[in-house]
Protein chains: 2
Amino acid sequence: MIPPHFDVDINRFLITNKDCRIVFITSGGTQVPLEKNTVRFIDNFSMGTRGAASAEYFLRAGYAVIFLHREESLKPFSRHFPNIFNSLTLDATGENVVCNLPNLANILKEKLKYEEKIFYASFKTFDQYIERLEHICIHLNPLESRAMIYLAAAVSDFVVTELPTHKIASSTELNLPLSVAPKVIERVVNSFVPNAFIVSFKLETDESKLIPKAKAALNKYGHQLVIANMLSTRKQKVTLVRKNREDGEEIILPAETMNETEIESMIIHRLSGLHQEFIESKF
Amino acid sequence: MIPPHFDVDINRFLITNKDCRIVFITSGGTQVPLEKNTVRFIDNFSMGTRGAASAEYFLRAGYAVIFLHREESLKPFSRHFPNIFNSLTLDATGENVVCNLPNLANILKEKLKYEEKIFYASFKTFDQYIERLEHICIHLNPLESRAMIYLAAAVSDFVVTELPTHKIASSTELNLPLSVAPKVIERVVNSFVPNAFIVSFKLETDESKLIPKAKAALNKYGHQLVIANMLSTRKQKVTLVRKNREDGEEIILPAETMNETEIESMIIHRLSGLHQEFIESKF
């Protein structure tokens with residue numbers, strides 16, 4: 001079920017931001033319930049760090065951002081302060097709360113500055129993700145090349161087809177038949193927003209398969225770009241694999257800047273340039 | 001792997017609190033990884049609300065609390081303010097952060113008051129949960145009846161026995177063979193802390209099975225008490241099912257107090273009394 005006012009709110013957001021480029025970011029993992037009255041899930045690991053960090057850099061690069069995130073996953077700006085409560089103290093009177101985290105005022109200023117430039121929507125299950133993604137894409141399709149789709153969510157690959165109504169008894173052995181989930185990106189590229197600039201992610205743990213799989217995805221779906229990354233080094237290195245280019249383009253965070261810089265700042269800088277080229281090539 | 005200093009720290013905590021009753025609360029859900037280099041999990045739904053709320057009432061009732069929780073699940077006191085960042089504002093100078101949430105100062109005062117009375121430990125996977133639970137129980141066993149074990153965590157019923165090393169390819173059908181997980185409570189009651197006051201939970205979605213299953217668990221494991229609750233009404237009603245008593249004892253939160261009172265305040269009040277009777281019966 002789409003939340004009430006969802007379409008009206010997106011529409012208003014797109015009208016307010018009609019003069020800038022739009023990026024639609026998906027972030028966090030989807031859940032697949034194992035039961036209808038649901039207690040247990042198959043879940044995908046993701047705090048949503050990539051998506052939340054990217055949203056900040058897109059805002060700074062002048063984009064308006066639609067941020068479709070898993071409930072409870074990280075959000076831009078607040079992600080820097082996961083545990084504010086434990087850093088709070090009381091002043092000398094014992095009545096007033098004091099909040100002295102380094103950099104908090106600066107990040108808060110940025111958050112307030114971009115408040116009108118970001119639209120939040122959330123999901124929990126795979127089915128909600130698909131439904132909301134499709135709705136948002138319907139609104140973005142008329143924007144054509146001005147819209148970038150940035151699919152950073154960790155989407156379930158498998159779904160459970162026949163759900164038991166009640167909690168599965170835990171005294172018996174269980175064989176869980178899983179089916180391959182429909183590939184969302186196929187519908188995004190071919191039906192939902194065929195003229196947008198579409199970026200997907202490929203996350204692997206086996207290095208030898210990473211680039212071949214990224215290329216296979218580009219060939220299969222025909223979108224613009226795959227960001228390939230290894231689970232273990234995803235914060236230091238990614239490879240941009242582009243349509244009709246043989247060689248991947250590596251983005252590597254210099255070791256000496258690891259503590260002050262995030263790789264997403266470099267990724268979004270490059271993507272913003274490529275997106276601009278893409279827009280100009282359409283005229 | 002047990003964190004460094006874990007045993008030393010627990011020991012110190014128990015010595016500091018040698019004059020009060022101890023409750024060991026487990027809280028939140030456990031994860032079972034589907035792969036070794038792990039991206040996907042079977043997860044149990046739980047924010048850890050029951051465990052975190054209970055911890056507060058146990059502290060107020062004079063207990064020292066060992067709180068073994070799922071990473072990122074709710075914690076006592078901070079649970080009331082899940083989203084502090086979004087309520088922050090800047091003062092007129094634009095340089096100082098202002099935090100004006102209702103009741104924040106009072107809850108913060110309580111948190112500071114009980115800081116020495118609570119010991120935090122965390123887990124993520126099923127295996128970590130078992131390992132840490134066992135370690136903590138080893139320290140609690142000498143306390144005999146003075147220790148209460150309050151097993152509120154949502155523990156995995158199934159485990160995946162043979163894990164693939166790399167991410168499962170998502171292009172193939174998959175049949176996931178799951179085995180029944182070892183029942184933790186069996187070892188808690190019979191091996192780890194046989195003389196403690198042990199409370200477990202039974203959560204169901206099918207009302208007709210709730211009380212029979214709670215009784216079956218008591219008969220099978222021989223511990224003191226099962227708190228039976230339905231997923232849909234768990235915040236309004238629980239039934240205490242006790243050893244050697246035919247009838248369950250219902251605890252129902254009066255509808256008119258729903259907004260000011262939590263059912264955990266009633267549960268812990270009752271448990272504290274039953275625990276005291278249990279201690280006295282041992283002399």
Side-chain angles (χ1 to χ4, degrees), chain A residues 31 34-45 47 72 75 77-78 81 83-86 88-90 94-101 104-105 107-109 111-112 154 156-158 165-181 183 203-206 209 231-232, chain B residues 31 34-45 47 72 75 77-78 81-86 88-90 94-101 104-105 108-109 111-112 154 156-158 165-181 183 203-206 209 231-232:
Chain A
Q31 268 187 352
L34 299 185
E35 297 136 328
K36 272 186 197 140
N37 285 319
T38 200
V39 176
R40 279 167 286 206
F41 302 91
I42 296 185
D43 214 326
N44 271 42
F45 160 75
M47 295 286 290
E72 314 296 331
K75 319 279 182 311
F77 307 116
S78 69
F81 308 100
N83 203 348
I84 296 179
F85 185 79
N86 281 343
L88 298 177
T89 50
L90 291 165
E95 296 306 320
N96 300 308
V97 175
V98 180
C99 193
N100 274 332
L101 282 166
L104 181 59
I107 300 273
L108 186 59
K109 262 182 244 181
K111 180 213 159 204
L112 298 170
S156 314
D157 303 306
F158 297 99
T165 301
H166 289 296
K167 208 179 148 190
I168 304 162
S170 55
S171 54
T172 46
E173 296 288 314
L174 183 71
N175 222 11
L176 202 61
L178 302 175
S179 315
V180 176
K183 283 286 176 194
L203 178 70
E204 281 296 324
T205 60
D206 181 349
K209 290 185 179 156
L231 183 62
S232 55
Chain B
Q31 269 189 351
L34 299 184
E35 297 135 326
K36 273 186 196 140
N37 286 318
T38 199
V39 176
R40 280 168 285 206
F41 302 90
I42 296 185
D43 215 328
N44 271 44
F45 160 74
M47 294 288 287
E72 316 295 330
K75 320 280 183 309
F77 307 116
S78 69
F81 308 100
N83 204 349
I84 296 179
F85 185 79
N86 282 342
L88 298 177
T89 51
L90 290 164
E95 296 305 322
N96 301 308
V97 176
V98 180
C99 193
N100 275 333
L101 283 165
L104 181 59
L108 186 58
K109 261 182 245 180
K111 179 212 159 207
L112 297 169
S156 315
D157 302 306
F158 297 99
T165 302
H166 289 297
K167 209 178 146 189
I168 303 162
S170 54
S171 53
T172 46
E173 296 289 312
L174 183 71
N175 221 10
L176 203 60
L178 301 176
S179 315
V180 175
K183 283 285 177 195
L203 178 70
E204 282 296 324
T205 60
D206 181 350
K209 289 184 179 158
L231 184 63
S232 55

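Below, read A as the first sequence line, B as the second, and so on, with proteins coming before strands; counting in each chain starts at 1. The structure presented is a predicted model; accordingly, all values stated were derived computationally and were not measured.
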Next on the checklist: Once rounded to the nearest 0.5 Å, what's the spacing between atom OG of B:Ser179 and atom CG of B:Asp157?
Outcome noted: 12.5 Å

Checklist outcome for this item: When the 4.5 angstrom heavy-atom criterion is applied to B:Asn86 and chain A, the contacting part is both

Item to check | Best-contacting candidate, A:Lys109, A:Lys75, A:Glu95, against chain B by heavy atom pairs under 4.5 angstrom | outcome: A:Lys109

Checklist entry - chain A heavy atoms under 4.5 Å from B:Leu112: which part of the residue, side chain, backbone, both or neither? => result side chain

Checklist entry - With a 4.5 angstrom heavy-atom cut-off, which part of B:Ser156 approaches chain A: side chain, backbone, both or neither? => result neither

Checklist entry - Do B:Leu108 and A:Phe85 come within less than 4.5 Å of each other through their side chains, counting heavy atoms only? => result yes

Checklist outcome for this item: Max heavy-atom pairs within cutoff under 4.5 Å with chain A, candidates B:Asn100, B:Ile84, B:Thr89, goes to B:Ile84

Checklist entry - Between atom CZ of A:Phe77 and atom CD1 of A:Ile107, what is the distance when rounded to the nearest 0.5 Å? => result 7.5 Å

Checklist entry - Measuring from B:Asn96:CG to A:Leu104:CG, what's the distance to the nearest 0.5 Å? => result 10.5 Å

Checklist entry - Below 4.5 Å, heavy atoms only, C-beta onward: do A:Phe158 and A:Ile42 meet side chain to side chain? => result no

